[in-house]
Amino acid sequence: MITIDQLIEKILAYNPKANIDRIRRAYVFSREAHCAQKRIEGSPYIHHPLAVANILADMHLDSITIAAGLLHDTIEDTDMSLNDIKDMFGNEVAFLVEAVTKLSKVEFKTKEEAQAENFRKMFLAMSKDVRVILIKFADRLHNMRTIEYLPEERQKNIAKETLEIYAPLANRLGINWLKIEFEDLCFKVLMPELFKELKEKVAKYVEVHERYFDDVKESISQRLKESGIEAKIKSRVKNVYSIYNKILKQKITFEQIYDVIGFRIITDTVPHCYEILSIIHSLWPHIPGRFKDFISLPKKNMYESLHTTVIGPLGYQMEFQIRTQEMDLIAEEGIAAHWRYKEKDNLDSKNARFIAWLRDLIKEVSDAKEFLEAVKVEVTPETIYVFTPKGDIKELPIGSTSIDFAYSIHTEVGNKCIGAKVNGRIVPLRQKLNSGDVVEIITSASQTPSKDWLKYVVTQRAKSKIKQWIRNEERKQSISLGTNLIEEEIKRHSLPLNIIKSKKMLDVMKSFGIQSLEDLYVLVGFGKLSAHQVVNRLIPDKSEEEVPQKIQKTPPQQRSVIKIKGIDNILYHIGKCCFPVPGDNIIGFITKGKGVTIHRVGCSNLERLAVNVERLVDVEWSDDGDLTSQAKLSIEAIDRPGILANLSALISSANINISYLKAMSTSDKRAIIELILDIKNKKQLFEIQNKISQVQGVLNIRR
């Protein structure tokens, strides 16, 4: 276990100007605060903060970050307060300590909700100061290194969380060595036998091929020397978890993996990187499609390098990574490289790009669980590069569509998107994009987002903007519906309409915990509160039980859109349980979060729902004979050749569209056919039912 003196010696070796006094005081403060505590294996608790500080020192971080690492558990686990830390170490250290405190004081209903909110808080703090996540990484890394002392179930939960969140996030921030160690530590916990087996295979592979790879390095070194290029050649062994993933995804054996060992060539300039690439290709034939230029097109995490795979001596495939010293530092340390040797707290514009995506994510997603899922998606390293017609590059996750691309340009471009041209050809909006595609978005002022778009988009920005638009539209609809429901209820009780703006209404809203009249309309429109409940409280000396709500049934009329007491364009849905059509007796039921659901009077589902009488509303068909409603028919017939063709021809001849058809045969040679038809009114439905019943072989037809 490292001591404070050894820690300080390590820090001074890379940063002679470090504030050692601050680090010593932080150590003493932490040691005294945790003096009565021990870790689960029995060692003094101070060993953990020291280990965290040591990891931060290995990352060559500044003294403020290391001091915060020593103090990171003092608020959570001891009697020390945040003010104590502020008084002794200043606001900056106190902010970092508070930000990495793991337990939230907010009460949650579920463990998952608590975890999601903790992550959201961590990422919010990280967007203000990236050192928060670096301390969190160090804390989690030491916990993973000593995880064997925990109960097995607890080990697996922590390992799963680390593999799903921390490892991809370390990769997203460019800290490659940390990502690799997280992955292998988690793999060892989650699949110990498989981990051991693969690790032994890797060790044996390295041992067997050691001489081979030495010869390869010697060949390259000789050519570089002849060309006058200074460079270091290092071999790197693929980590065990990456090997496991490759076996799983490509359905191959360990023996079929060609890049267990790869080569990394570090040089001084970018031109030399390309010269070295040329030399390697002159020595051995390269494999087409296996070359990637991340120098001209860096990854989102600022990773830059040339990658190529060649057929080497004895037919072995070999992967090379070629980069400058600065690129190598960024590739291994990522955003942590910014803080090496430095005693400052501001990111420059280049390094700020590391977390710009996260700041946008926090702004766009407010729900904790949705945010956690978004993080899991956004840290996925697999990306494509797509171009605008002007040649601007957009980096998107694999699986992105033109809708994702449109929203990456601007919210309004996404909202007004009606089509897309990919490489000059019009394609469906749901079609997935590929690297190198040139995408042109076609917009229309009258277009609005569709809920169906959520099935096709993968970027969090697109998802959140579509959901935001839908929520806003549903709120507008709910305000209109709620306003009219309350006004109708007021009229039913013969109360003046201006009572809505009276002090009494303010008192009623206060009793429900509602801040504004608009919020009241929204709650009533969404069915979370009934107009009956609201107006009843405006009536003196009356209880809700004494004023039952009257339900009126609308007489059948041949109309094709729904109105509520003369209101057009309401937010409504046709009940899939009974499929009412114009002419049916109907009634509305306010469904929470979905507006009004329209049922046929007598629908079995409606009878079950009608116990909530205050959520029933009078509805009627409005006059618009050009629109249609869907009706569902179930047909039982003799299973004979041509029965489906006969039915389809009959329905088509009646100028009725079939929007859905499902047919199946039974063991006793009967055909069961389900149809959903676009019907103008009840009369048309009755006529087509009558015609179908006369088709030869039809045994029964029911709605």
Determine whether the side chains of Q447 and N415 contain a donor N or O and an acceptor N or O closer than 3.5 Å.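 No donor-acceptor contact under 3.5 Å links the two side chains.
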
Check: S242/N245 side-chain N/O donor and acceptor closer than 3.5 Å: no

Name each donor-acceptor pair under 3.5 Å that joins a side chain in residues 430-440 to protein atoms two or more places apart or in another chain, with its distance.
residue: S435; atom: OG; partner: Y385; partner atom: N; Å: 3.0
residue: D437; atom: OD1; partner: N423; partner atom: ND2; Å: 3.1
residue: D437; atom: OD2; partner: N434; partner atom: N; Å: 2.7

I'd like to know if the side chain of [X] reaches the main chain of [Y], judged simply by a donor and an acceptor atom lying under 3.5 Å from each other, with no hydrogens or angles considered.
| X | Y | result |
| --- | --- | --- |
| D404 | V458 | yes |
| E473 | I470 | no |
| S464 | Q460 | yes |
| Q684 | K680 | yes |
| R703 | L633 | no |

When rounded to the nearest 0.5 Å, the distance separating CD1 of I638 from CD of Q696 is 8.0 Å

Is there a side-chain contact between [X] and [Y], using heavy atoms and a 4.5 Å cut-off?
| X | Y | result |
| --- | --- | --- |
| I514 | L523 | yes |
| I635 | L675 | yes |
| N536 | V534 | no |
| L185 | I147 | no |
| I243 | I257 | yes |
| Q630 | Y660 | no |

Residue pairs, two or more places apart or on separate chains, that pass salt bridge (Lys or Arg N to Asp or Glu O under 4.0 Å) and touch residues 647-672: E636-R670, D668-R670

What residues form a ring-ring contact (aromatic ring centres under 6.0 Å, His included) with F195, not counting sequence neighbours?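 ring-ring contact (aromatic ring centres under 6.0 Å, His included) check on F195 returns F187.
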
Can R537 be said to sit on top of F512's aromatic six-ring, NZ or CZ under 6.0 Å from centre and within 45° of the ring axis?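 Here R537 passes the 6.0 Å and 45° test against F512.
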
Could you check whether atom CG of N472 has more than 12 heavy atoms from other residues, nucleotides or ligands sitting under 6.0 Å from it?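 Yes.
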
